[in-house]
Amino acid sequence: MLKSTNYTRTIWSRGVYTVPTGTNLYGNHPIYFRHRGDLGSHGVFLLNSNAMDIKINNAAADGEYLEYITLGGVLDFYSLAGPSPVRVAQ
């Protein structure tokens, strides 16, 4: 599990002539899941081809947020709903 208080993750896309197996090419695909017990679960999946920072804060004193900071590109967001995290993933 990622650290969730005052945390920044930087994601870079890459474009090369030969792509090693299992590596990323021209895209970043972060997804987050939120489970709220009896209220259900949801996820948000983002497709983007530019570098980005993802900032996460879960401290009540500073406010809870998830922030995507991209250098540009098309922002394709997909909302995924389900009663459980397993159903969201399916």
Side-chain angles (χ1 to χ4, degrees):
M1 183 182 302
L2 292 175
K3 178 182 167 189
S4 61
T5 302
N6 196 25
Y7 178 76
T8 301
R9 168 70 58 100
T10 300
I11 301 175
W12 293 94
S13 297
R14 60 188 258 160
V16 295
Y17 177 69
T18 59
V19 181
T21 301
T23 62
N24 191 16
L25 177 66
Y26 294 128
N28 299 306
H29 314 297
I31 183 170
Y32 87 87
F33 287 78
R34 177 81 188 245
H35 180 62
R36 296 183 177 189
D38 292 340
L39 297 176
S41 300
H42 73 275
V44 176
F45 178 61
L46 167 62
L47 292 176
N48 185 276
S49 61
N50 293 31
M52 71 176 74
D53 282 339
I54 300 171
K55 295 187 175 197
I56 302 169
N57 192 36
N58 194 25
D62 299 328
E64 295 180 7
Y65 60 85
L66 171 66
E67 181 177 348
Y68 297 104
I69 304 168
T70 67
L71 295 177
V74 176
L75 301 174
D76 289 327
F77 285 95
Y78 295 88
S79 297
L80 311 166
S84 69
V86 171
R87 292 294 296 161
V88 172
Q90 291 172 338

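In this text the structure is predicted, and so the values were computed from the model without any measurement.
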Should side-chain heavy atoms under 4.5 Å link Ile, Leu, Val, Met, Phe, Trp and Tyr, which residues sit in the same cluster as Val86? none
Please write out which residues are connected to Leu71 in a hydrophobic cluster, directly or through intermediates, given that two of Ile, Leu, Val, Met, Phe, Trp, Tyr count as joined at side-chain heavy-atom separations below 4.5 angstrom.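 Via sub-4.5 Å side-chain contacts, Leu71 links to none.
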For a 4.5 angstrom cut-off between non-hydrogen side-chain atoms, does [X] reach [Y]?
{"X": "Arg9", "Y": "Pro30", "result": "no"}
{"X": "Leu80", "Y": "Val44", "result": "no"}
{"X": "Leu66", "Y": "Arg34", "result": "no"}

Listing request: all side chain to side chain donor-acceptor pair (under 3.5 Å) pairs with a residue in residues 68-90, at least two apart in sequence or in separate chains.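 Every pair satisfying side chain to side chain donor-acceptor pair (under 3.5 Å) with a residue in residues 68-90: Arg87-Gln90.
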Grab the two heavy atoms, one from Val88 and one from Gly82, that are nearest each other, plus how far apart they are. CG2-N, 3.7 Å
Determine the minimum heavy-atom distance between Trp12 and Ala51, stating which atoms define it. CE3-CB, 3.4 Å
Going by ring-ring contact (aromatic ring centres under 6.0 Å, His included), name the residues that satisfy it together with His42, two or more places apart in sequence or in a different chain.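 His42: ring-ring contact (aromatic ring centres under 6.0 Å, His included) contacts with Tyr32.
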Does the Asn57 side chain pair with the main chain of Asn6, one donor and one acceptor, at a distance under 3.5 Å? yes
Donor-acceptor contact present, side-chain Asn48 to main-chain Phe77, <3.5 Å: no
Find the distance between [atom1] ([X]) and [atom2] ([Y]) and round it off to the nearest 0.5 Å.
{"X": "Leu47", "Y": "Ile31", "atom1": "CG", "atom2": "CD1", "result": "10.0 Å"}
{"X": "Ile56", "Y": "Glu64", "atom1": "CD1", "atom2": "CD", "result": "12.0 Å"}
{"X": "Asp53", "Y": "Thr10", "atom1": "CG", "atom2": "OG1", "result": "3.5 Å"}

Results of side-chain contact (heavy atoms from CB on, under 4.5 Å) for Ser49 - residues two or more places apart only: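 Checked Ser49 against side-chain contact (heavy atoms from CB on, under 4.5 Å); zero matches.
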Hydrophobic cluster identity match, Leu46 and Phe33, side-chain contacts under 4.5 Å: no
